[in-house]
Number of protein chains: 2
Amino acid sequence: MAEQKKNATIYDVAEKVGVSLATVSRVVNGNDNVRQSTRDKVLKAIDELGYQPNAVARGLASKKTTTIGVVMPDVTNVFYSELTRGVDDIAQMYQYDALLTNTDDDQDRAVTAIKNLLTKQVDGIIYMGTKLSAPVMAMIQSAGVPVVLAGSVAENEALPSVNIDYVTAFETVTTKLLARGHQRIALVLGSRDRAIDQDFRLVGYQRALQEAGIDYDDQLVFAKARTYEAGQLQAADLMAQDVTAVVAYDDEIAVSILNYYQDHGYKVPEDLEIVTSNNTNFSIVSRPELSSINQPKYDIGAVAMRMLTKLMNGEELTDTQIKLPYTLISRGSTRTK
Amino acid sequence: MAEQKKNATIYDVAEKVGVSLATVSRVVNGNDNVRQSTRDKVLKAIDELGYQPNAVARGLASKKTTTIGVVMPDVTNVFYSELTRGVDDIAQMYQYDALLTNTDDDQDRAVTAIKNLLTKQVDGIIYMGTKLSAPVMAMIQSAGVPVVLAGSVAENEALPSVNIDYVTAFETVTTKLLARGHQRIALVLGSRDRAIDQDFRLVGYQRALQEAGIDYDDQLVFAKARTYEAGQLQAADLMAQDVTAVVAYDDEIAVSILNYYQDHGYKVPEDLEIVTSNNTNFSIVSRPELSSINQPKYDIGAVAMRMLTKLMNGEELTDTQIKLPYTLISRGSTRTK
DNA sequence: ATGAAAGCGCTAACAA
DNA sequence: TTGTTAGCGCTTTCAT
């Protein structure tokens with residue numbers, strides 16, 4: 001058995017070179033106050049010993065862990081995983097690592113997750129829940145570390161966030177549908193009790209109706225499906241309401257509705273027009289392809305992380321509510337190009 | 001300005017109750033050697049002070065961080081995100097947090113990632129790359145902490161791993177296709193230089209051919225598409241080879257091929273049969289739906305994490321090479337039920 | 001430019 | 001059952 005070589009510590013390096021811990025620490029941290037010749041010797045010893053600073057000890061001494069927490073509903077959901085990828089890439093760029101936690105949008109679990117992350121002394125948190133209950137808000141506000149929302153928003157812009165202008169996006173999409181003569185347009189949301197759906201998407205939809213002089217009908221708003229399978233069931237409800245167009249908050253749900261209608265003999269876009277809003281691969285995989293609001297998912301994550309790095313550095317933000325531009329992509333599920 | 005209340009430390013608790021640090025530590029860690037009345041007092045103080053143990057200090061003192069690292073190609077890929085979800089859920093169950101790193105299957109980045117995770121003193125690592133180059137292997141073997149592969153395999157079973165029997169799965173699927181009279185069956189892989197493709201999927205495919213007495217034709221093996229878009233290009237190559245059936249390693253690629261053929265007037269499954277192998281939602285979203293090998297993705301991640309917990313506890317593993325059962329799901333893209 | 005020394009907040013022998 | 005005392009490996013004043 002080869003003897004298990006213990007990891008070298010800063011002390012080993014110092015001893016080998018014949019300098020103090022402080023000096024080694026300085027060269028490791030790129031502090032200028034080290035004579036070049038000393039620096040070289042230390043570097044050489046570090047290399048020879050294969051010394052790797054222990055991040056935990058460092059974290060304890062410096063009170064910075066270079067670790068952030070990411071609290072999200074579900075990695076498995078493409079929308080969130082794309083946001084996460086943006087977060088991760090920028091985090092890596094700035095030498096942060098990301099601790100991931102899935103909450104399934106459950107507020108209790110979110111509170112627990114945040115508490116746990118704080119216990120691990122993360123330097124900051126990216127929060128991706130669409131919900132933001134009072135307990136979660138309280139937890140965040142007492143966190144003591146910066147938190148930024150990605151792809152979400154807090155009431156009264158209480159927290160830094162990056163997303164798109166959901167109100168306008170949904171208003172525009174709905175208006176276009178109305179312009180084509182639709183009277184019964186379904187709005188498919190994820191849940192009635194989250195701000196992003198209730199205060200933004202729904203509001204945009206309602207504004208469009210109002211401008212067009214059409215009465216709002218709560219029967220046309222659906223919000224009980226979050227999976228493809230559940231979407232099939234909900235699609236039956238849409239059909240029962242004789243809607244002629246639908247605006248959906250999620251691509252999988254949109255495809256689910258699309259397939260359901262087509263499987264029941266409807267023609268899309270002739271009998272039903274559909275617009276979705278995340279533009280994931282699901283929207284180009286379906287036949288016809290789905291017209292979609294195109295949110296810059298990766299960028300939302302990336303920008304949120306960039307904001308967080310500034311906040312963690314104690315920098316002031318000139319703008320805490322960032323709205324990234326979105327585009328509208330016309331594909332086969334709608335009638336006009 | 002409200003005075004920023006500093007987080008209470010174990011010392012504050014000890015002082016408040018009038019006991020030593022050790023006693024507080026004992027109750028926090030559930031050590032039995034504490035009189036009930038003392039325990040109650042400590043618990044009360046902890047509650048009143050809102051004391052939360054600092055995990056970093058703990059990690060330094062105990063040499064356990066209750067944090068694991070997850071090294072994966074890309075969170076954005078549904079296959080990996082499902083594995084990750086399995087890992088995360090079990091990790092959480094055992095009180096571990098997961099540090100996530102995307103490598104895009106790049107071996108240099110994998111080495112860097114592992115090195116970095118070790119620096120952070122993770123207690124173990126779940127590795128998901130399909131590739132496993134010598135440098136990565138070397139890094140893993142010198143890690144000093146347990147590593148288990150999820151959805152992947154190492155040559156010579158050198159590392160603990162959990163996955164399915166890819167050879168048999170691909171052999172079976174190919175054999176079924178051959179039985180239906182196909183002579184030119186395309187095998188679509190991700191890359192020729194990774195073990196999972198070259199040593200398992202390809203071998204299964206070849207075995208089936210051999211048993212059927214059909215010569216292997218390298219021209220029918222494709223491995224240059226990893227995205228939906230690239231899949232479209234590659235589909236043209238398949239078409240040029242007049243294949244009548246395809247076995248694909250990934251759902252998005254499979255849908256891409258399916259769509260390409262149908263968009264060019266082919267009928268599926270009449271003119272072309274397709275079988276895919278991950279059974280993600282992409283396979284039920286397409287029309288026709290895709291027949292697929294069904295790997296228990298979530299379970300692979302979950303079982304891998306469970307193995308890792310045992311390893312981290314110093315337990316012996318009775319079986320280090322776990323093959324989970326897979327099923328074959330027949331859908332519209334193939335001709336037989 | 002370099003070193004000495006005091007922590008960071010906690011665990012873990014070892015004593016008592 | 002409880003307390004004392006070293007550390008864990010590093011950063012960070014403060015001297016020199």
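To find a chain, count down the sequence lines: A is the first, B the second, and so on, and within it residues start at 1.
A rotation axis mapping the C1' atoms of four pairs onto the next four is fitted at both ends of the helix from dA1(C)-dT16(D) to dA16(C)-dT1(D) over five pairs, and the angle between these axes is 30° to 10 degrees.
When heavy atoms are screened at a 4.0 angstrom cut-off, V19(B) is found touching the sugar-phosphate backbone but no base atom.
Taking for each of L60(B) and R35(B) the nucleotide of DNA chain D with the nearest heavy atom, the 5'-most of the two is the partner of R35(B).
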Along nucleotides 10-16 of chain C, 5' to 3', which nucleotides get a B, which get an S, and which get a -, given that the test is a protein heavy-atom distance under 4.0 Å? BSBB---
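Between the side chains of D40(A) and Q36(A), a donor-acceptor pair is found at a separation under 3.5 Å. A donor and an acceptor atom, one from each side chain of N31(A) and R39(A), are nowhere located under 3.5 Å apart.
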Report the C-alpha distance between D89(A) and Y298(A) in whole Å, list the side-chain angles of each, state the deciding distance to 0.1 Å, and finish with yes or no for side-chain hydrogen bond (donor to acceptor under 3.5 Å, both in side chains). CA-CA 9 Å; D89(A) 284 357; Y298(A) 180 92; 2.6 Å; yes
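Contact annotation: T38(A) side-chain N/O to dA1(C) OP1/OP2 distance is not under 4.0 Å. Contact check, K63(A) against dT12(D): no side-chain N or O comes under 4.0 Å of OP1 or OP2. The shortest distance between the side-chain N/O atoms of T23(B) and the OP1/OP2 oxygens of dG3(D) is below 4.0 Å.
Rounded to an integer number of Å, the gap from L49(B) CG to dG9(C) C1' is 15 Å. Atom P of nucleotide dC8(D) and atom NZ of K120(B) are separated by 22 Å, given to the nearest angstrom. If you measure from atom CG of L118(B) to atom P of dG9(D), you get 15 Å, rounded to the nearest angstrom.
Of the possible polar contacts, none joining the S25(A) side chain to the L21(A) backbone as a donor-acceptor pair under 3.5 Å is found.
When the side chain to side chain donor-acceptor pair (under 3.5 Å) test is applied to S81(B), no partner is found at least two apart in sequence or on another chain. Partners of Q321(A) by side chain to side chain donor-acceptor pair (under 3.5 Å), not counting sequence neighbours, listed by chain and number: S161(A). Applying the side chain to side chain donor-acceptor pair (under 3.5 Å) criterion to S62(A), with sequence neighbours excluded, gives no partner residue.
Counting only heavy atoms from C-beta outward, the side chains of V75(B) and L100(B) approach each other to under 4.5 Å.
Among residue pairs with one or both ends in residues 99-125 of chain B, those qualifying as salt bridge (Lys or Arg N to Asp or Glu O under 4.0 Å) are R85(A)-D104(B), D97(A)-K120(B), D104(B)-R109(B), D105(B)-R194(B), D105(B)-R226(B); sequence neighbours excluded.
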